[in-house]
Amino acid sequence: MSIMNSAKFERLVGLGLVASLSACSTYNAGPAPDTSSQIVADACPVMEGSNFKAWLNMMPGNGEPKLNVRGQVVFPSAGYTHELKLGILDRRQPPTQRLIIEVTAPSAPSAQVLTTQEVSGQFPALASKYQAITIVCGTKVLAEITEIDKIS
């Protein structure tokens, strides 16, 4: 290889190295998303669930059939709020309905005392019979109700 070709070769290698390194530069997508509510969902603060009951209201004249659920949960301190939401319905026959407790942490300092709160919800009955109703919070299963009364 001649000196002229050697210089061109080194320049091309140098340009290729710069181009490949510039492709590795970091991309700034802006500030990270707020995951504070996700943290509460993943690390569910509910310490215990109890006294859960479920029933189907199939009474004529009351509109569409409704699934009703009621129970209690215990939080490690006061100030937590929650909402019971309709989750997935599995494909078994009869199916199991999952209900999700979404929790919001206290926004201000609160009493550090175990706090029991009532949980209840009414949802469209997606089946006329259920194998079970599973109550979850984050990754915790708080209750599985297998005795579902039917009011008709």
Side-chain angles (χ1 to χ4, degrees), residues 13-152:
V13 170
L15 287 173
L17 184 59
V18 168
S20 65
L21 288 176
S22 66
C24 294
S25 66
T26 59
Y27 171 73
N28 185 359
D34 177 18
T35 58
S36 58
S37 61
Q38 184 67 30
I39 292 168
V40 172
D42 289 344
C44 177
V46 173
M47 299 177 72
E48 178 183 19
S50 62
N51 301 320
F52 277 96
K53 294 180 176 27
W55 66 98
L56 281 169
N57 186 346
M58 309 289 274
M59 294 286 288
N62 287 336
E64 295 295 316
K66 301 285 186 203
L67 170 64
N68 298 275
V69 177
R70 177 175 294 147
Q72 297 176 327
V73 291
V74 178
F75 289 104
S77 66
Y80 284 95
T81 60
H82 65 274
E83 184 176 0
L84 189 60
K85 293 191 171 187
L86 192 61
I88 62 168
L89 180 70
D90 72 16
R91 298 176 76 156
R92 290 187 281 184
Q93 288 302 323
T96 295
Q97 177 69 62
R98 181 175 287 206
L99 299 177
I100 303 162
I101 297 178
E102 289 188 354
V103 177
T104 303
S107 58
S110 56
Q112 298 299 305
V113 59
L114 295 180
T115 306
T116 301
Q117 293 185 17
E118 295 291 321
V119 174
S120 64
Q122 184 178 67
F123 308 96
L126 303 176
S128 59
K129 183 178 180 181
Y130 291 93
Q131 180 170 327
I133 308 297
T134 303
I135 313 295
V136 298
C137 177
T139 57
K140 289 183 191 177
V141 174
L142 299 176
E144 186 164 277
I145 308 164
T146 55
E147 293 181 28
I148 297 120
D149 295 330
K150 194 175 202 178
I151 302 169
S152 49

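Here the structure is a predicted model, which is why all the values come from computation and not from measurement. If you read the sequence from its start, that first residue is 1, and numbering goes on from there.
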Is there a donor-acceptor contact under 3.5 Å from the side chain of [X] to the main chain of [Y]?
X      : Y     : value
Lys129 : Gln93 : no
Ser110 : Ala78 : yes
Ser77  : Phe75 : no

Using a 4.5 Å cut-off on heavy atoms from C-beta on, say whether the side chain of [Y] contacts that of [X].
X      : Y      : value
Tyr80  : Val73  : no
Ile133 : Phe52  : no
Leu56  : Asp149 : no
Pro94  : Tyr130 : no
Val103 : Val46  : yes
Val69  : Leu99  : yes
Leu126 : Gln97  : yes
Asn68  : Phe123 : no

Practice task
Please assess Thr116 against Gln72 for the test side chain to side chain donor-acceptor pair (under 3.5 Å), listing each intermediate value before the final yes or no.
Solution key: CA-CA 7 Å; Thr116 301; Gln72 297 176 327; 6.0 Å; no

Quick one: [atom1] on [X] to [atom2] on [Y], what's the gap to the nearest 0.5 Å?
X      : Y      : atom1 : atom2 : result
Ile100 : Leu142 : CD1   : CG    : 11.5 Å
Ser120 : Leu84  : OG    : CG    : 7.5 Å
Arg98  : Glu144 : CZ    : CD    : 9.5 Å
Gln117 : Ile101 : CD    : CD1   : 10.0 Å
Lys66  : Trp55  : NZ    : CH2   : 13.5 Å

Exercise for the section: Ignoring hydrogens and angles, state whether a donor on the side chain of Glu102 or His82 is under 3.5 Å from an acceptor on the partner side chain. Expected result: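 No - no donor-acceptor pair under 3.5 Å links their side chains.
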
If you count the non-hydrogen atoms of other residues, nucleotides and ligands that lie under 6.0 Å from [atom1] in [X], is the total more than 12?
X      : atom1 : value
Glu147 : CD    : no
Arg92  : CZ    : yes
Glu64  : CD    : no

At their closest point, which heavy atom of [X] faces which heavy atom of [Y], and how far apart are they?
X      : Y      : value
Pro76  : Met47  : CA-SD, 3.5 Å
Lys150 : Ser128 : NZ-O, 3.1 Å
Ala132 : Thr146 : CB-CG2, 4.2 Å

